[in-house]
2 protein chains.
Amino acid sequence: MAAMDIANHLRRHKKSLTRARAEIWHILTQSEKPLSPDEIHRRLTGHKVDLATVYRNLRALKDIGLVREIDLREAFKRYEAILAGQHVHHIMCQVCGRIEKVRHCVVQDMANAIQKESGFTLKDHSLECFGICPSCQPHKTKAQGT
Amino acid sequence: MAAMDIANHLRRHKKSLTRARAEIWHILTQSEKPLSPDEIHRRLTGHKVDLATVYRNLRALKDIGLVREIDLREAFKRYEAILAGQHVHHIMCQVCGRIEKVRHCVVQDMANAIQKESGFTLKDHSLECFGICPSCQPHKTKAQGT
DNA sequence: ACAAAAATGCAAATCGTTTGCAAGTTAAGC
DNA sequence: GCTTAACTTGCAAACGATTTGCATTTTTGT
């Protein structure tokens, strides 16, 4: 999704390109990691934008495919801009909380196996990883479910 | 985790094997799919157990590795018993909500790639799939982020 | 059986997120 | 540019899942 296209993309879905929307989109595209609604809200600099508006816009952007919602087992969800159809997963350090992107993904390889095993057609998936980042090694952490 | 071992496992962690705990564990081991705290609560038949107690026990069981917490993009989390070190993922039908297990998992194959790419050591991951189950084909659904 | 530790019920509190509504902003056509 | 309909926003209240304080009850280890 090129930055230029956002206005058209919104228009196609009968959505307006509002100041809040533009600012939120800009913040997301500039961030190296997915952000929580609250983090986004705190980064808004211009005119006052209500947190409820941030939530409403994140949902709107998600609904039309501009934004991805990510669950890293925190108390809240995170959001990131979907750029150029990229397929991204994340790995979060269980010690320091650092979040990085993981571009390698083998899940599509599972599609056939899943199709055979369950008869489901795979449409989408969430894959989030947890581990220990280089600077936190060799800490130990408690086991977690998968 | 053999059913027999639960008492010992709890004892090792200074936890008691209470009636509520035993009942919740039984319900989880008998379920074919992960259950929400509320579903578990409603399935409790014996003496009255408060919903808060269900939450406290699920957390306790999760903390000592007997239970796995699962996020299927619903408003709540689901929980399932971890039996015999099984490694399980899930696929939920985007049309009817049916949930099935997916035993095939290729994520471990990603470990090396992730290690190289980010320097993280992979400790754990969440992989939940969404698609269309056999009886709901060939419905169409809106796209979702990954 | 006892004392100490752990768990429970109940009610209130949290906290992320959503919603109703009146007022403000944006889009589309003229 | 102006006008109206459609879409958004701020604000406050509502929500729903989950958590917590505390007095009481149950379980544990001896």
Side-chain angles (χ1 to χ4, degrees), chain A residues 5-28 34-64 66-79 145, chain B residues 5-28 34-64 66-79 145:
Chain A
D5 294 330
I6 182 175
N8 296 317
H9 198 100
L10 284 168
R11 193 170 310 121
R12 256 179 273 129
H13 290 271
K14 293 207 273 231
K15 307 241 181 246
S16 311
L17 176 52
T18 65
R19 256 190 306 180
R21 217 105 92 180
E23 245 198 291
I24 290 171
W25 176 253
H26 182 253
I27 288 170
L28 288 176
L35 300 173
S36 69
D38 191 59
E39 284 174 321
I40 294 167
H41 185 235
R42 279 185 274 107
R43 293 189 188 195
L44 288 166
T45 54
H47 59 105
K48 169 173 60 55
V49 174
D50 195 82
L51 181 56
T53 297
V54 174
Y55 274 100
R56 276 190 280 235
N57 282 328
L58 287 173
R59 181 195 285 192
L61 294 173
K62 183 183 84 171
D63 285 348
I64 65 178
L66 287 173
V67 155
R68 181 157 34 220
E69 187 179 72
I70 291 156
D71 185 309
L72 290 177
R73 300 183 188 173
E74 297 168 294
F76 45 80
K77 298 286 174 58
R78 289 177 180 275
Y79 298 83
Chain B
D5 293 330
I6 183 176
N8 296 317
H9 199 99
L10 285 168
R11 193 170 311 121
R12 255 179 273 128
H13 289 272
K14 294 206 274 231
K15 307 244 180 240
S16 311
L17 176 52
T18 65
R19 257 189 306 179
R21 215 104 92 181
E23 245 199 293
I24 290 172
W25 176 252
H26 182 253
I27 289 170
L28 288 177
L35 301 173
S36 70
D38 191 59
E39 283 174 322
I40 295 167
H41 185 236
R42 280 186 274 107
R43 294 189 189 195
L44 288 167
T45 53
H47 59 103
K48 169 173 61 56
V49 174
D50 195 81
L51 181 56
T53 297
V54 174
Y55 274 101
R56 276 190 279 235
N57 282 327
L58 287 173
R59 181 195 286 192
L61 293 172
K62 183 183 83 170
D63 286 348
I64 64 177
L66 286 174
V67 155
R68 182 158 32 221
E69 188 179 71
I70 290 156
D71 185 308
L72 289 177
R73 300 184 188 173
E74 296 168 294
F76 45 80
K77 298 285 174 59
R78 289 177 179 275
Y79 298 83

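A, B, ... follow the sequence lines: proteins, then strands. Residue 1 opens every chain.
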**Q** Please enumerate all residues that pass salt bridge (charged side-chain N to carboxylate O under 4.0 Å, His left out) together with D50(B), with sequence neighbours excluded.
**A**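 In terms of salt bridge (charged side-chain N to carboxylate O under 4.0 Å, His left out), with neighbours along the sequence ignored, D50(B) is linked to no residue.
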**Q** Output the single nucleotide from dT20(D), dC11(D), dT27(D) whose closest atom is nearest the side chain of R19(B).
**A** dT27(D)
**Q** Rounding to an integer number of Å, can you tell me how far D50(A) CG sits from dG20(C) P?
**A** 16 Å
**Q** May I have the distance from L61(A) (atom CG) to dC7(D) (atom P), rounded to whole angstrom?
**A** 16 Å
**Q** Quick check: closest heavy atoms across R43(B) and L35(B), and the distance to 0.1 Å?
**A**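 Looking at all heavy atoms of both residues, the shortest contact is NH2-CD2, 3.5 Å.
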**Q** I want to verify a distance call: between dT9(D), dC11(D), dT19(D), whose nearest atom is closest to the N57(A) side chain?
**A**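 Of dT9(D), dC11(D), dT19(D), dT9(D) is nearest to the side chain of N57(A).
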**Q** Between R59(B) and dT18(D), is there a side-chain N or O to OP1/OP2 distance below 4.0 Å?
**A**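 Looking at the OP1 and OP2 atoms of dT18(D), neither is under 4.0 Å from any side-chain N or O of R59(B).
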**Q** Under 4.0 angstrom, heavy atoms only, what part of the nucleic acid is A20(B) near: base, sugar-phosphate, or nothing?
**A** sugar-phosphate
**Q** Grab the CG-P distance between L17(A) and dA27(C) for me, whole Å please.
**A** 7 Å
**Q** Using only modelled atom types and a 3.5 angstrom limit, is any donor from either the side chain of R56(A) or the base of dG20(C) paired with an acceptor on the other?
**A** yes
**Q** Nearest whole angstrom, please: distance from the P of dG16(C) to the NZ of K77(B).
**A** 13 Å
**Q** Whole angstroms only, please: what is the CG-C1' distance between N8(B) and dG29(D)?
**A**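 Distance check: N8(B) CG to dG29(D) C1' gives 15 Å.
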**Q** Which is more 5' along DNA chain D, the nucleotide nearest K15(B) or the one nearest D38(B)? Just name the residue.
**A**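 Residue closer to the 5' terminus by nearest nucleotide: D38(B).
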**Q** So, do W25(A) and N57(A) sit near enough that their side-chain heavy atoms are less than 4.5 Å apart?
**A** no
**Q** Counting C-beta onward and ignoring hydrogens, is there a side-chain heavy-atom pair between K62(A) and L58(A) closer than 4.5 Å?
**A**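 Side chain of K62(A) against side chain of L58(A), heavy atoms only: no contact under 4.5 Å found.
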**Q** Atom NE2 of H47(A) to atom C1' of dG24(C): distance rounded to whole Å?
**A** 12 Å
**Q** Quick one: which of dT17(C), dG9(C), dG10(D) gets closest to the side chain of K48(B)?
**A** dG9(C)
**Q** What's the CG-C1' distance between L51(A) and dC15(C), to the nearest Å?
**A**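 That distance rounds to 11 Å.
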**Q** Measure CZ/R12(B) against P/dG29(D) and give the value in whole Å, please.
**A** 13 Å
**Q** With side chains defined as the heavy atoms from C-beta onward, is the minimum distance between R21(A) and K15(A) less than 4.5 Å?
**A** yes
**Q** Would you indicate what A60(B) reaches in the nucleic acid, counting non-hydrogen atoms under 4.0 angstrom: base, sugar-phosphate, or nothing?
**A** nothing
**Q** Check whether any side-chain nitrogen or oxygen of Y55(A) sits under 4.0 Å from OP1 or OP2 of dT17(C), and answer yes or no.
**A** yes
**Q** Does T18(A) have a side-chain nitrogen or oxygen under 4.0 Å from the phosphate oxygens OP1 or OP2 of dT9(D)?
**A** yes
**Q** Could D63(A) and R59(A) be called an ion pair, given the rule that one side-chain N must be under 4.0 Å from one carboxylate O?
**A** no
**Q** Under 4.0 Å from OP1 or OP2 of dG10(D): is there any side-chain N or O of T53(A) that close?
**A**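 Answer yes for this pair, as a side-chain N or O of T53(A) is under 4.0 Å from OP1 or OP2.
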**Q** Pick the nucleotide of DNA chain C nearest each of V54(B) and K14(B); which residue has the one closer to the 5' end?
**A** K14(B)
**Q** Taking the nucleotide of DNA chain D with the nearest heavy atom to each, does S16(B) or A75(B) sit closer to the 5' end?
**A** A75(B)
**Q** Which is more 5' along DNA chain C, the nucleotide nearest V49(B) or the one nearest R11(A)? Just name the residue.
**A**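 The residue whose closest nucleotide sits nearer the 5' end is V49(B).
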